[in-house]
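Heads up: the structure comes next, in structure tokens.
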Amino acid sequence: MNYKFWQRKKDAPKKKKTKTREWFDAIIFAVVAATIIRVFFIEAYTIPSGSMERSLLIGDFLFVSKVNYGARIPMTPVAFPFAHHTMPLTTSTKAYWDGVQWKYHRLPGLSKIKRNDVVVFNFPEGDTVAVENQAESYYALERSLGRQQVRSTYTIVDRPVDKRENFIKRCIGIPGDVISMSNGIANVNGKDEPLKNTGMMPYRIEFKTMDFNYAALDEFNLNLGNTPAVATNTYIVDASPEIVEKLKTFDFVKSVTLSPDAPGPVQGGVFPNDPNRVWNRDNFGPIKIPAKGWTVKIDSNTMPLYYRAIRTYEGNKVEQKAGVWYINDKPATTYTFKMDYYWMMGDNRHNSADSRYWGFVPEDHIVGKALFVWMSWDSTASFLHKIRWSRLFMGIH
């Protein structure tokens with residue numbers, strides 16, 4: 001018996017990895033490391049629409065923290081790296097396999113969501129999508145065209161919670177709050193919450209005369225040249241409270257007043273789409289936001305508000321028979337919520353699809369908290385001015 005066999009094996013030269021193997025190992029390590037960082041720590045997002053202007057601009061690139069509210073464990077764990085719900089260069093090929101679904105769990109976070117936090121979340125009505133018209137909510141299409149026509153016109157796909165479209169809005173109400181809006185002013189628990197200085201609403205501007213240097217308004221991007229006058233020397237434009245205060249200092253400006261929609265059904269599609277509630281985007285409520293453990297009385301008044309939360313978000317079978325509501329085949333007069341919910345709104349109030357149109361955001365849809373802008377790119381500017389230098393590394397508040 002050769003007692004030195006182990007020494008020969010130990011002293012044998014190691015087989016050198018090929019360049020291909022080295023690159024393969026490096027790529028695998030990078031993908032795994034980047035995935036862990038994206039899922040549990042921080043992720044980059046871009047702003048594609050103007051719903052948060054002037055807080056966030058189209059072309060802003062920002063970092064979103066998963067740590068602040070606690071990282072959400074992936075609910076659809078088998079997915080193509082770095083793709084969200086659709087494979088690159090395709091419109092309908094899934095970037096995930098929904099054959100494996102995990103229940104919602106979240107790691108402990110640094111804090112809970114607070115009012116006025118800017119939050120990234122999955123679109124609550126994104127569970128069903130019309131592939132050829134993804135810019136509009138499937139349920140809005142169904143209400144306007146009818147279920148049969150929508151399903152015959154478009155390719156319909158379903159998406160798990162964590163693979164629904166990412167939205168970014170400001171949290172206006174937290175669990176247990178009572179929220180309403182009157183003449184464009186939000187009210188939370190009986191206290192008016194004026195729009196932030198970076199928020200936008202329509203304002204009616206009346207000029208003393210139109211004989212002035214329009215360049216004085218360039219910094220405000222009011223674009224009067226493409227805005228029709230609503231009366232003599234009078235225009236309605238989107239502006240922030242900060243801009244309004246500056247406009248009032250000009251000697252050629254006669255008055256600047258908020259111009260919200262009047263109470264009544266000005267436009268359709270406002271949550272909860274209840275014919276007994278004549279609400280619009282500037283006048284609605286009061287609505288109580290569900291909190292985990294809160295018990296609501298079930299009747300014809302409350303069910304339009306909470307039906308989707310009870311059925312879709314919390315996974316119950318809900319139906320009405322002979323005027324009686326049944327939950328999981330049992331008559332029910334009350335329901336106790338299993339999750340917390342939030343009310344999200346865009347700062348650019350008249351150009352934002354938000355909770356006013358699709359209601360509450362469940363806690364299992366929360367992705368993370370927006371931290372700061374690391375790059376801002378203005379695609380409409382000239383070559384030398386495309387980067388908005390003043391916004392680089394700007395905190396988000």
Side-chain angles (χ1 to χ4, degrees), residues 47-60 116 118-119 121 123-125 135-137 139-140 143-144 165 167-173 179-188 192-206 217 219-231 234-248 253 255-273 277-285 287 342-359 361 380:
I47 300 298
S49 72
S51 69
M52 284 294 290
E53 289 185 345
R54 295 168 42 112
S55 302
L56 296 171
L57 305 180
I58 296 174
D60 279 352
N116 291 315
V118 178
V119 181
F121 56 92
F123 179 37
E125 285 194 347
E136 192 164 355
S137 163
Y139 298 96
R143 285 190 294 270
S144 61
E165 204 66 59
F167 275 34
I168 182 168
K169 307 290 179 189
R170 189 176 299 278
C171 178
I172 302 298
I179 188 166
S180 62
M181 201 165 185
S182 178
N183 293 318
I185 305 297
N187 183 288
V188 182
D192 284 346
E193 295 288 340
L195 193 65
K196 301 295 178 186
N197 280 335
T198 51
M200 305 276 279
M201 273 289 287
Y203 284 86
R204 184 184 184 94
I205 305 176
E206 184 178 358
L217 303 178
E219 64 173 302
F220 308 128
N221 295 319
L222 298 181
N223 200 18
L224 289 184
N226 295 324
T227 304
V230 295
T234 304
Y235 297 82
I236 294 179
V237 297
D238 287 335
S240 68
E242 183 181 32
I243 290 175
V244 167
E245 292 306 312
K246 292 180 180 179
L247 287 173
K248 290 179 178 179
V253 174
S255 65
V256 186
T257 55
L258 189 65
S259 183
D261 292 340
V266 178
Q267 72 289 319
V270 174
F271 177 80
N273 296 287
R277 289 177 166 90
V278 187
W279 293 352
N280 61 44
R281 59 189 173 183
D282 289 333
N283 300 274
F284 65 82
I287 301 171
Y342 302 87
W343 190 268
M344 308 286 186
M345 289 171 59
D347 286 355
N348 192 354
R349 292 289 164 81
H350 275 210
N351 294 282
S352 172
D354 51 38
S355 286
R356 292 171 294 175
Y357 299 94
W358 31 256
V361 177
T380 63

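Of all the heavy atoms in Ser180 and Gly285, the pair that sits closest is CB-CA, 4.1 Å. Scanning both residues, Leu258 and Pro202, for their nearest heavy atoms gives CD1-O, 3.7 Å. Shortest non-hydrogen contact noted between Leu222 and Thr227 is O-OG1, 4.0 Å. Taking all atoms of both residues into account, the shortest heavy-atom contact from Phe121 to Val119 is CD2-O, 3.6 Å. Closest heavy-atom contact between Leu195 and Asp347: CD1-O, 3.9 Å.
By the side chain to side chain donor-acceptor pair (under 3.5 Å) test, Thr198 pairs with Ser55, sequence neighbours left out. Legend: residues meeting side chain to side chain contact (heavy atoms under 4.5 Å, CB included) with Val230, ordered by chain and number and at least two apart, are Arg204, Thr234, Ile236. For the side chain to side chain contact (heavy atoms under 4.5 Å, CB included) test, residues two or more places apart in sequence or in another chain that qualify with Ser352 are Ser51, Lys169, Asp354, Arg356. In this view, Glu136 and Asn133, Ala140, Leu141 satisfy the side chain to side chain contact (heavy atoms under 4.5 Å, CB included) rule, not counting sequence neighbours. Qualifying side chain to side chain donor-acceptor pair (under 3.5 Å) partners for Glu53, counting only residues two or more places apart in sequence or in other chains: none. For Tyr203, the ring pair (Phe, Tyr, Trp, His ring centres under 6.0 Å) criterion is met by no residue, not counting sequence neighbours. Scored by the salt bridge (charged side-chain N to carboxylate O under 4.0 Å, His left out) test, Arg277 finds Asp274 as partners (sequence neighbours excluded). Evaluation of the side chain to side chain donor-acceptor pair (under 3.5 Å) rule for Ser355 yields no partner, not counting sequence neighbours. Remark: Glu242 pairs with no residue by the side chain to side chain donor-acceptor pair (under 3.5 Å) rule, at least two apart or across chains. In terms of the ring pair (Phe, Tyr, Trp, His ring centres under 6.0 Å) criterion, Tyr342 has no residue partners (sequence neighbours excluded).
A donor-acceptor contact shorter than 3.5 Å is absent between the side chain of Ser182 and the backbone of Asn283. Checked by atom type and distance alone, the side chain of Arg170 pairs as donor or acceptor with a backbone atom of Asn116 at under 3.5 Å. Side-chain atoms of Asp238 never come within 3.5 Å of backbone atoms of Met200 as a donor-acceptor pair (strictly under, hydrogens ignored).
The distance from the CZ atom of Arg143 to the OG atom of Ser137 is 6.0 Å, given to the nearest 0.5 Å. With values rounded to the nearest 0.5 angstrom, Tyr357 atom OH is found 5.0 Å from Arg281 atom CZ. In this structure, CD in Glu206 is found 4.5 Å from OG in Ser255, a value given to the nearest 0.5 Å.
A 4.5 Å side-chain heavy-atom check between Phe220 and Leu247 finds at least one atom pair inside the cut-off. Looking at Ile243 and Glu219, their side chains never come closer than 4.5 Å, going by heavy atoms from C-beta outward.
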Next item on the list: Any chance you could lay out the side chain to side chain contact (heavy atoms under 4.5 Å, CB included) test for Phe123 and Trp358, step after step, and finish with the verdict?
Entry: CA-CA 9 Å; Phe123 179 37; Trp358 31 256; 3.3 Å; yes
Margin query: Test ring pair (Phe, Tyr, Trp, His ring centres under 6.0 Å) on Trp279 and Phe271; report intermediate values, then the result.
Written below: CA-CA 8 Å; Trp279 293 352; Phe271 177 80; 7.8 Å; no
Next item on the list: Decide side chain to side chain contact (heavy atoms under 4.5 Å, CB included) for Glu245 and Asn197; before the verdict, give the C-alpha distance in whole Å, the side-chain angles of both, and the deciding distance to 0.1 Å.
Entry: CA-CA 10 Å; Glu245 292 306 312; Asn197 280 335; over 6 Å; no
Checklist line | Check against side chain to side chain contact (heavy atoms under 4.5 Å, CB included), Leu224 and Ile205 | finding: CA-CA 11 Å; Leu224 289 184; Ile205 305 176; 5.7 Å; no
Notebook entry, point to check: After noting the C-alpha distance and the side-chain angles of Phe167 and Met344, does the key distance pass the side chain to side chain contact (heavy atoms under 4.5 Å, CB included) rule?
Noted result: CA-CA 10 Å; Phe167 275 34; Met344 308 286 186; over 6 Å; no
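Side-chain contact of Asp261 with Asn280: a donor-acceptor pair under 3.5 Å is absent, judged by distance alone.
When each of Ile47, Val118, Asn351 is checked for a side-chain contact (heavy atoms from CB on, under 4.5 Å) with Met52, only Val118 meets the rule.
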